S.K.: 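Quick one: the structure is below, and I'll ask about it shortly.
Protein chains get the first letters and strands the later ones, always in sequence-line order, with residue 1 at the start of each. Computed from a predicted model, the values in this text were never measured in an experiment.
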Amino acid sequence: VEKSARVDEAFFTELEESLLASDAGLKFSALFLAGLREELRQKKILDKKHAAIISKDLLKSWLRQGSLEFSKTKVPVIFFIGVNGVGKTSSLAKLAAYLKAKGFYSMLGAGDTFRAAASEQLSFWAKRLGLPIVKKPQGSDSAALVYDTLESTLAIKDKKSEEAVIALIDSSGRLQNKVALMEELKKMLGVAKKFEERTEVFKILVVDATLGQNSFEQAKVFHENLGIDGIILTKTDSSSCGGIVFAISHELKLPLLYISFGESLENFSPFDVDSFVEALF
Amino acid sequence: NLSKGLTAVLSKFSLKQKLNEENIELALREIRMALIDADVSLFVIKNFLAEVREKALGKEVFKGLTPSNVFFKTFRDELALLLGWNGESSEKPYSFQLPLNEATSSTVIMLCGLQGSGKTTTIGKLALYLKEKRDPLLVSLDIHRPAAAEQLQRLAQQAGVAYFEQEGERRLKKIIKNAKKYAKKHSHNLILFDTAGRTQLDTDMLDELQTIGDFAKPDANILVCDSMLGQEALRTAETFHKTYPVNSLIFTKFDSDTRGGVLLSVKHVLSLPVAFIGSGEKLEDLEAFSPIRYADRLLG
Ligand SMILES: Nc1nc2c(ncn2[C@@H]2O[C@H](COP(=O)(O)OP(=O)(O)OP(=O)(O)O)[C@@H](O)[C@H]2O)c(=O)[nH]1
Ligand SMILES: Nc1nc2c(ncn2[C@@H]2O[C@H](COP(=O)(O)OP(=O)(O)OP(=O)(O)O)[C@@H](O)[C@H]2O)c(=O)[nH]1
Ligand SMILES: [Mg+2]
Ligand SMILES: [Mg+2]
């Protein structure tokens with residue numbers, strides 16, 4: 001192989017730089033480069049072109065895309081969780097729209113009873129989508145909101161027993177280092193447990209692609225505390241990044257469920273590993 | 001954290017009397033890792049390490065100290081000075097100067113930034129903070145986000161300040177013009193304009209921001225940034241600054257456990273003051289920026 005086309009240290013340095021620039025983080029980048037070196041050695045790859053293809057494939061293999069498996073007998077209940085401003089309320093609306101197209105009838109729960117105009121924001125989407133919503137005045141108990149939402153959801157299910165009914169519950173933004181807020185969320189989930197004979201709870205963590213290393217900490221702490229079933233990555237239209245999902249997916253083994261790439265309802269689709277990795281490079 | 005990392009790599013140098021090429025390289029590598037972990041921009045890290053290397057070479061290690069704590073102190077002090085520390089132990093945090101428009105003897109402030117950065121909440125905080133000195137009027141120029149106006153109105157109520165009711169008007173220039181008229185009529189000598197979140201890649205929305213700036217002619221345009229932002233933050237801030245000049249910065253959600261490297265990157269490269277730090281969700285959670293405290297936090 002001609003020298004200029006050969007894999008050299010510069011190839012790895014540049015790859016590390018682009019991984020770090022995409023917020024993949026030091027630990028994941030180091031792990032990945034070590035894995036790549038081994039892969040190239042085993043496959044006896046000497047040229048850059050071929051190595052670039054191998055590295056993309058390796059990155060794709062380290063990401064896990066997934067989908068929520070709904071049981072045939074229980075009503076799915078999805079909680080939207082995450083730190084402040086990442087896109088929980090918007091993602092809930094988008095998932096409701098997406099599921100509506102798939103024949104699901106959603107009951108919305110305005111679980112953010114803390115922030116100014118949080119219920120109003122979700123109500124707008126409920127109205128736009130023609131879906132029912134349960135809400136309470138600002139300052140109400142969020143656990144009581146969960147209770148009312150599930151009660152109403154099951155009442156709807158009783159009326160429409162043939163239809164696929166699902167509950168989508170919003171929660172207020174909370175930083176994972178705030179113990180009292182984590183306790184509040186556990187209380188909300190605890191109330192949901194009261195309905196576990198007829199419902200099945202899923203917890204989705206919403207991650208903002210513009211944020212840096214703290215997203216990994218968010219995923220780690222929320223997962224340790226509550227058990228996260230999957231990730232929605234938002235705001236990928238705002239930057240070329242979101243590389244933090246490599247660490248979240250690989251180290252914490254959390255599946256990437258959906259991706260949000262804009263502020264309209266249609267800017268939302270199941271997470272596709274191939275197009276995500278291609279867009280990164 | 002960095003001081004532990006430095007102690008580890010520099011432990012074998014504890015008996016040397018000067019910082020030399022060898023121990024400096026080891027220390028710089030530790031620092032680079034700590035700064036990347038803290039989301040400081042790669043571009044800023046490169047330049048910063050080059051400057052520190054020069055400052056550190058030849059520094060004396062006096063009795064009772066180890067190279068690692070001399071290095072740590074050199075580095076932390078260099079960082080704090082860069083961020084506006086006056087070098088004295090009795091540090092006075094930067095205090096926000098409310099600009100006064102001499103012609104109108106009032107002030108117009110506008111907030112801009114990415115989606116979800118905390119602009120609307122921060123306007124509520126600013127209103128609460130400034131209502132001692134001024135009579136603020138809160139105006140929403142966010143005609144995009146559902147319930148944005150309701151959110152600002154609710155915050156105005158909480159802060160006990162006036163809110164400009166725009167009754168469904170969706171033309172931005174109209175809202176701005178009417179708000180200014182209203183403010184003059186009702187002696188509000190401070191107008192706080194909230195704008196919609198926008199991305200640095202959306203040219204239509206950047207045009208909207210430029211139009212708002214040109215028409216509202218704010219005495220201060222404040223860029224609001226989430227303190228957890230990653231590597232793309234610097235380019236984002238530069239784009240906002242190019243679209244309509246930013247006068248100062250506010251970093252929100254500093255009550256998170258992020259080390260907040262974005263502050264160093266954006267403040268240093270744009271060379272702008274940090275007006276405030278957002279330290280919580282309540283309207284009282286607005287703090288002054290302290291370079292020395294931030295430097296300590298950044299280095300963990
Ligand atoms: N560009 C872009 N903006 C988004 C995306 N998802 C959400 N947003 C915007 O981000 C902002 C915050 O969205 P919300 O849905 O209110 O976020 P949240 O997590 O519910 O916020 P809190 O409830 O206050 O914690 C809004 O302006 C949304 O329109 C996305 O994929 N791309
Ligand atoms: N913990 C914490 N939360 C904050 C802080 N500042 C704002 N928030 C929260 O961040 C979320 C987003 O705040 P908003 O004020 O709606 O953000 P925004 O920039 O106006 O959002 P858009 O208008 O959609 O672009 C809300 O949940 C706020 O309560 C802060 O300093 N600390
Ligand atoms: Mg929300
Ligand atoms: Mg807002």
S.K.: Considering only heavy atoms, give the residues of residues 160-168 of chain B separated from chain A by less than 4.5 Å, sorted numerically, with 'none' for an empty result.
M.R.: none

S.K.: Select all residues of residues 85-97 of chain A having any heavy atom within less than 4.5 Å of some heavy atom of chain B, and report them by number, or 'none'.
M.R.: A/Gly85

S.K.: Mind checking whether A/Gln213 and B/Arg259 have side chains closer than 4.5 Å, heavy atoms only?
M.R.: no

S.K.: Less than 4.5 Å apart, any side-chain heavy atom of B/Glu281 and any of A/Asn84?
M.R.: yes

S.K.: Please classify the contact between A/Lys27 and chain B as side chain, backbone, both or neither, with a heavy-atom cut-off of under 4.5 Å.
M.R.: neither

S.K.: Can you tell if the side chain of B/Thr120 reaches within under 4.5 Å of the side chain of A/Arg115, non-hydrogen atoms only?
M.R.: no

S.K.: Return yes when atom CZ of B/Arg297 has more than 12 non-hydrogen atoms of other residues, nucleotides or ligands closer than 6.0 Å, and no otherwise.
M.R.: yes

S.K.: Which residue out of A/Val83, A/Leu211, A/Thr210 racks up the most heavy-atom pairs below 4.5 Å with chain B?
M.R.: A/Leu211

S.K.: Is it the backbone or the side chain of B/Gln158 that comes under 4.5 Å from a heavy atom of chain A, or both, or neither?
M.R.: side chain

S.K.: Considering only heavy atoms, which portion of A/Leu175 lies under 4.5 Å from any heavy atom of chain B: side chain, backbone, both, or neither?
M.R.: side chain

S.K.: Just to be sure I understand the criterion: a residue of residues 34-50 of chain B counts if one of its heavy atoms is under 4.5 Å from a heavy atom of chain A. Which ones qualify?
M.R.: B/Ile36, B/Asp37, B/Asp39, B/Leu42, B/Lys46

S.K.: In this structure, are over 12 heavy atoms from other groups packed under 6.0 Å from A/Lys203 atom NZ?
M.R.: yes

S.K.: Nearest 0.5 angstrom please: A/Lys178 NZ to B/Ser256 OG, how far?
M.R.: 8.5 Å

S.K.: What are the two closest heavy atoms between B/Ala147 and A/Ala117, and how far apart are they?
M.R.: O-CB, 3.9 Å

S.K.: Most heavy-atom pairs under 4.5 angstrom with chain A, which of B/Asp257, B/Asp226, B/Val262, B/Leu155?
M.R.: B/Asp257

S.K.: Decide whether A/Ser22 and B/Gln231 meet the rule of one side-chain donor and one side-chain acceptor closer than 3.5 Å.
M.R.: no

S.K.: Does atom NZ of A/Lys186 have more than 12 heavy-atom neighbours, drawn from other residues, nucleotides or ligands, at distances under 6.0 Å?
M.R.: yes

S.K.: Considering only NZ, NE, NH1 and NH2 on the basic side and carboxylate oxygens on the acidic side, decide whether B/Arg32 and A/Glu16 come within less than 4.0 Å.
M.R.: yes

S.K.: Side chain from CB out, backbone as N, CA, C, O: work out which of these in B/Arg145 comes under 4.5 Å of a heavy atom of chain A, or both, or neither.
M.R.: side chain

S.K.: Among B/Gln151, B/Glu150, B/Lys253, B/Met33, which residue forms the greatest number of heavy-atom pairs with chain A at distances under 4.5 Å?
M.R.: B/Gln151

S.K.: Donor-acceptor pairs under 3.5 angstrom involving side-chain atoms of residues 110-118 of chain B: please list them, not counting sequence neighbours.
M.R.:
{"residue": "B/Gln115", "atom": "NE2", "partner": "A/Glu263", "partner atom": "OE2", "Å": "2.6"}
{"residue": "B/Ser117", "atom": "OG", "partner": "B/Leu114", "partner atom": "O", "Å": "3.0"}
{"residue": "B/Ser117", "atom": "OG", "partner": "B/Lys119", "partner atom": "NZ", "Å": "3.4"}
{"residue": "B/Ser117", "atom": "OG", "partner": "B/Val224", "partner atom": "O", "Å": "3.3"}

S.K.: Answer with side chain, backbone, both or neither: which region of B/Asp255 has an atom nearer than 4.5 Å to a non-hydrogen atom of chain A?
M.R.: both

S.K.: Side chains of B/Met228 and A/Ser215: closer than 4.5 Å at any heavy-atom pair?
M.R.: no

